[in-house]
Amino acid sequence: MHAELFREIIRVTTLLSLALLLGFLLGRPLTLLFIGLAGYLAYHLFFLNRLLNWLAHDRRSIPPEAPGIWGEVFHHLYQQYRRNRSRKQRIARLIRAFRDSTSAMPDGTVVLDGNWQIVWMNDAAEHLLGLHPAQDIGQRIGNLVRHPDFIAYIDAERFAEPLEIASPLDDERRLSFQVTPYGDGQRLLLVRDVTRLHRLEEMRREFVANASHELRTPLTVIRGYLEALEEDPAVSREWRMPLDEMRRQSERMSGIIEDLLELSRLETGSEEVEGEAVDIPALLARIREAALAMGEGPDDISLEIQAGVGLRGVEKEIYSAFSNLLFNAMHYTPKSGKVGIRWFTREDGSVCLAVEDTGIGVAREYIPRLTERFYRVDASRSRSKGGSGLGLAIVKHVLQRHGARLEIDSRPGKGSNFTCVFPAWRAVPVAS
Ligand code: ADP
């Protein structure tokens with residue numbers, strides 16, 4: 001029990017005992033007990049009234065002086081009030097500092113509620129998107145940034161990757177939009193001007209494409225002469241081996257150049273393609289024949305096909321992606337191992353191509369990097385097969401252009417599973 005309450009009980013007991021004693025002496029015990037109780041009640045009502053006045057009117061001021069238990073009540077309430085006030089001031093200072101720093105950021109920041117309505121924006125968002133807080137706060141962002149890709153981006157609710165589109169104010173500028181959901185259904189929209197990055201990326205692509213294109217012709221000439229020399233009986237025996245090595249290396253160079261050209265062609269049209277119906281069972285049968293003819297890996301490739309299901313897409317690109325996966329499986333699996341192809345539909349309707357092998361596998365830490373250009377876990381092994389290190393980068397781009405993704409599951413010494421997952425709407429019926 002609180003000490004002050006204990007003292008109050010002592011006080012009231014003493015008061016009532018005295019009133020009773022006096023009552024007995026005067027021969028009116030009940031009357032004096034009643035007077036004592038009424039006085040006690042009046043005392044408390046008086047301080048209760050002061051408390052209500054203080055709470056209602058001037059809580060900021062020092063609380064009124066009061067004796068006993070009321071002094072204690074006033075003191076505790078006042079302490080609590082001061083604690084809350086300083087906490088509120090701290091939070092307000094923090095929010096002000098956060099808003100000031102976000103306002104000063106070069107990137108646009110827009111706070112959106114669960115209905116995509118604007119709650120707050122910083123100066124950069126106003127400039128980048130041409131928004132005006134006075135009239136646009138409370139508007140839905142989709143009514144102000146009307147680019148169809150942006151509308152599709154927020155409708156799809158897939159925010160792992162940012163969206164890059166032309167600025168709504170100036171076609172020459174490129175903006176990157178990234179939505180981050182937070183709190184209770186709220187979203188933070190970050191807008192960055194990526195014009196410079198976009199131009200650099202374009203320059204890089206053009207440079208690679210031009211350089212590869214320029215290298216193609218001289219290399220064809222060199223290869224032609226090498227072939228002619230190899231067939232020439234006048235060339236002495238000691239030149240046979242170096243000539244053979246030169247021819248193989250020039251073939252490798254040609255392979256790299258062709259892959260670079262294909263990659264830059266895939267990168268230029270980065271938007272998703274519609275394509276036509278491709279007979280995947282027939283295409284897989286062809287790729288299987290080509291892989292068996294490589295003369296590497298196991299003697300057989302198992303084929304598990306869901307008949308009658310094809311894919312809407314670009315046949316040449318799909319051939320390139322699937323064959324890269326199968327050729328890799330053959331190269332990285334010993335003759336005694338197993339390689340298999342599966343074409344199937346998942347429960348959610350997505351259509352998948354899985355290439356499975358029991359080959360050397362890849363350690364978990366390398367998996368995220370496999371689709372980078374020129375990335376190889378074991379460069380010498382890749383080179384020995386004439387690999388360019390661009391195969392999986394090509395696969396990734398082809399899949400991106402088809403709205404698909406690559407799932408990689410692999411364990412060193414056990415084998416790998418590369419699965420291409422296509423959205424359900426790409427599945428089409430085909431004859432085979
Ligand atoms: P490369 O021409 O080197 O094969 P890729 O881009 O096709 O280039 O593959 C990148 C790297 O991924 C390879 O160098 C290899 O280390 C690894 N890799 C790809 N497929 C497999 C597989 N089926 N089994 C084991 N490792 C693989």
Side-chain angles (χ1 to χ4, degrees), residues 205 208 212 215 219 248-267 284 287-288 290-304 316-343 352-402 404-421:
R205 261 202 311 263
V208 172
S212 318
L215 285 171
L219 198 60
R248 276 196 292 119
Q249 292 299 342
S250 62
E251 272 169 12
R252 221 188 114 222
M253 274 167 77
S254 286
I256 294 175
I257 286 172
E258 291 311 317
D259 281 355
L260 277 173
L261 281 169
E262 179 165 5
L263 204 53
S264 63
R265 194 179 52 75
L266 289 168
E267 279 181 331
L284 288 176
I287 296 177
R288 179 174 173 273
L292 286 170
M294 277 168 65
E296 286 186 72
D299 293 330
D300 194 22
I301 298 173
S302 68
L303 196 58
E304 199 182 299
K316 210 167 142 250
E317 293 181 13
I318 294 173
Y319 183 96
S320 163
F322 290 2
S323 59
N324 263 309
L325 291 179
L326 191 61
F327 294 171
N328 274 349
M330 292 301 272
H331 177 71
Y332 295 106
T333 306
K335 212 171 170 54
S336 57
K338 284 197 179 88
V339 171
I341 309 171
R342 284 197 304 128
W343 173 239
C352 308
L353 171 94
V355 176
E356 293 152 330
D357 66 60
T358 59
I360 61 169
V362 182
R364 183 191 285 268
E365 67 262 34
Y366 301 128
I367 291 181
R369 300 201 56 190
L370 291 187
T371 55
E372 285 174 22
R373 292 182 200 108
F374 294 114
Y375 185 81
R376 291 117 154 177
V377 178
D378 178 350
S380 59
R381 176 160 189 155
S382 159
R383 276 191 204 109
S384 74
K385 76 151 182 170
S388 63
L390 294 169
L392 290 181
I394 291 176
V395 173
K396 182 177 120 182
H397 274 91
V398 169
L399 295 188
Q400 252 170 19
R401 278 163 58 79
H402 287 78
R405 63 174 192 279
L406 181 64
E407 293 176 353
I408 306 175
D409 186 17
S410 189
R411 261 187 295 162
K414 297 264 181 242
S416 313
N417 181 337
F418 289 78
T419 307
C420 310
V421 186

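All figures in this text were calculated on a predicted structure; none of them were measured in a lab. Both counts, for ligands and for their atoms, begin at 1 and track the order of listing.
Panel note: side chain T333, backbone M330; no donor-acceptor pair is recorded below 3.5 Å. The backbone N or O of F374 sits nowhere less than 3.5 Å from a side-chain atom of S388 that would complete a donor-acceptor pair. A side-chain donor-acceptor contact under 3.5 Å links T358 to the backbone of K338. S212 places a side-chain N or O within 3.5 Å of a backbone atom of V208 that can act as its donor or acceptor partner.
Applying the 4.0 Å criterion to heavy atoms of V377 picks out, from ligand 1, the atoms 14 (O), 16 (O). The R376 neighbourhood of ligand 1 comprises atoms 3 (O), 14 (O), with distances under 4.0 Å to a heavy atom of that residue. Distances below 4.0 Å separate heavy atoms of A329 from the following atoms of ligand 1: 23 (N). Set against the non-hydrogen atoms of Y375, the atoms of ligand 1 under 4.0 Å away are 10 (C), 11 (C). The ligand atoms of ligand 1 that sit less than 4.0 angstrom from a heavy atom of V362 are 25 (C), 26 (N), 27 (C).
Residue G389 has at least one nitrogen or oxygen atom sitting less than 3.5 Å from a nitrogen or oxygen atom of ligand 1, judged on distance alone. Between I360 and ligand 1, no N or O atom pair is found at a separation short of 3.5 Å. Not a single N or O atom of F418, backbone or side chain, sits closer than 3.5 Å to an N or O atom of ligand 1. Where the criterion is an N or O separation shorter than 3.5 Å, residue side chain and backbone included, G391 meets it with respect to ligand 1.
At a 4.0 Å heavy-atom cut-off, ligand 1 does not touch S410 at all. With a 4.0 Å heavy-atom cut-off, ligand 1 is reached by no atom of L325.
Inter-residue side-chain proximity for D357 and Y332 is flagged as unmet; no heavy-atom pair is nearer than 4.5 Å.
Separation of atoms OG1 (T419) and CG (D409) is listed at 8.0 Å; rounding is to 0.5 Å.
By the 6.0 Å contact criterion, OH on Y366 is open, its count of non-hydrogen atoms from other residues, nucleotides or ligands being 12 or less.
Here R252 pairs with nothing under the salt bridge (Lys or Arg N to Asp or Glu O under 4.0 Å) rule; sequence neighbours left out.
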